[in-house]
Amino acid sequence: MKTLKDIDIDGKRVFIRCDFNVPKDEFGNITDDRRIRSALQTIRYCIDRGCKIILASHYERPEAGQYEEKYSLVPVGKRLHTLLKIKNELFMANDVVGPDAKEKAEKMQAGDVLLLENLRYEVGETANEEAFAKELASFADIYVNDAFGACHRKHASIYAIAKQFDAKHKAAGFLMSKEVNFFSKVLENPIRPFVAVVGGSKVSGKLQALTNLVSKVDKVIVGGGMAFTFLKAQGYEIGNSLVEDDLLDEARAIMKKAHDLGVKFYLPVDFVVAPEFSENTAVKYLPWQEIPVGWMGLDTGPASARLFREVLNDAQTIIWNGPMGVYEMDKFSKGSIMMSHHIAETHATTIVGGGDTADVTARAGDIDEMTFVSTGGGASLKLIEGIKLPGLEALEL
Ligand code: AMP
């Protein structure tokens, strides 16, 4: 992949599409700044080459065309300034392509950084509008896409904008190339045994990824809410647990494919079950055979944790996407926390994808033990599915 190292950027105006969509708490404090820290290498590289740097990102989902303070990138700008530790100015525009952004861009000196406001304040962003892309492109001589977490979306700052620059004036940023290279290396040439751990709420969101993974790995562990669709597909009673009845055939097809390919397929053997979806409810630890009618499984149980530990024991490569239970509630977080510990304990190359899963490893205190924690959940799933990401495609046009 062509990165900004391969093009001449010295002293130029560089537009960097970042993914600064970081989680915040109820007081507006940033709770996890990994996505900002991950962008520093690319930004610093441009600063050292005397560029004028224009940064752009979306932040959550504001009503298009409407400014709302809670979606502003101002807290991101402040954190970025602290992390960058630069003497130069970090300008913050109070619009995206409006008069403030243009005026501030005009005033920039070599090494200055300008952060535009939330791209999604403009309707043209999600509509992949060419006119808006042209306005964005007019800020710079060079376009750099470093927004791995957003590059599965065909939006103006990801896709349409890239057409405004020829091959010598656009490239991927360092974070983007690290993410993509890591996933492709692991998926193309994994050291075996290769184990996929897939969880989360729904089979539907990960169906394609699961189907693709089954043909690449040696073992699959399925946990989380999606496990119940697989159990029901085998005719078992699952009480009121989450299930996608319309996907029972697909679930059977995945298990058959695994069987035909000699891939070992593991489901939880016990669950933490409750009569209702609530933190303040009675719970029981039961094998799947004993889930009472009307109750639901909200986490994998201790016997499953032991089983999964054995399964992971000889792994050399592990890819993990999706929690084992409703980890947001303490009562149902143990299965995910144990999974995180077990994965961290192995000597395997471990890749964690998805915001929830990264959050679990952080809560478990294991995040530094993982080989690679991706900044993009949706984008990493698309890579696993074998789909070409629009953001990468646009860089090659
Ligand atoms: P996903 O976005 O598909 O990766 O799903 C993540 C969500 O799955 C988390 O918010 C979990 O709370 C939820 N989840 C995991 N296990 C279960 C379960 N057994 N029942 C309901 N939701 C679950």
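We count ligands from 1, going down the list as the structure has it; atoms in each ligand are counted the same way. Given the structure is predicted, the values throughout are model-derived calculations rather than measurements. Count residues from 1 along the sequence.
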Run down the list Gly378, Ser204, Gly225, Gly205 and name the one with the heavy atom closest to atom 16 (N) of ligand 1.
Gly225
For the ring pair Phe228 and Phe271, is the centre-to-centre distance below 6.0 Å?
yes
Is the count of non-hydrogen atoms from other residues, nucleotides or ligands lying under 6.0 Å from Lys334 atom NZ greater than 12?
no
Taking the six-membered ring for Trp, are Trp288 and Tyr236 parallel (under 30°), tilted (30 to 60°) or perpendicular (over 60°)?
tilted
Considering non-hydrogen atoms of the protein only, which is the closest contact for atom 10 (O) of ligand 1, and what is the distance?
Glu328 OE2, 2.4 Å
Is any side-chain N of the basic residue among Arg120 and Glu63 closer than 4.0 Å to the acidic one's carboxylate O?
no
Assess the residue pair Thr317 and Thr349 against the criterion (side-chain hydrogen bond (donor to acceptor under 3.5 Å, both in side chains)); give the C-alpha distance rounded to whole Å, side-chain angles, the decisive distance to 0.1 Å, and a yes or no.
CA-CA 5 Å; Thr317 307; Thr349 300; 5.0 Å; no
Students should be able to answer this: which protein heavy-atom is nearest to atom 2 (O) of ligand 1, and at what distance?
Asp356 OD2, 3.9 Å
Name the closest protein heavy atom to atom 19 (N) of ligand 1, giving the residue it belongs to and the distance to 0.1 Å.
Gly297 O, 3.0 Å
For ligand 1, which atoms have a heavy atom of Gly200 less than 4.0 angstrom away?
1 (P), 3 (O), 4 (O), 5 (O), 6 (C), 8 (O)
Protein contact of atom 22 (N) of ligand 1 - nearest heavy atom, named by residue and atom, plus distance
Val326 CG2, 3.6 Å
Are Tyr121 and Tyr67 near enough that their ring centres are under 6.0 Å apart?
yes
Any non-hydrogen atom of Phe228 lying under 4.0 Å from ligand 1?
yes
Distance to the ring centre below 6.0 angstrom and angle to the axis at most 45 degrees; does that hold for Lys170 and Tyr143?
no
Counting from 1, what ligand 1 atoms have a heavy atom of Gly224 closer than 4.0 Å?
16 (N), 19 (N)
Ring-face cation of Arg49 near Tyr45 (centre distance under 6.0 Å, axis angle within 45°)
yes
Contact (N/O only, under 3.5 Å) between Gly199 and ligand 1
no
For atom 14 (N) of ligand 1, what is the nearest protein heavy atom, given as residue, atom name and distance?
Gly325 O, 3.9 Å
Please identify which atoms of ligand 1 are closer than 4.0 Å to at least one heavy atom of Lys206.
1 (P), 3 (O), 4 (O)
Compute the shortest N/O to N/O distance between Ser201 and ligand 1 and return yes if it is under 3.5 Å, no if not.
yes
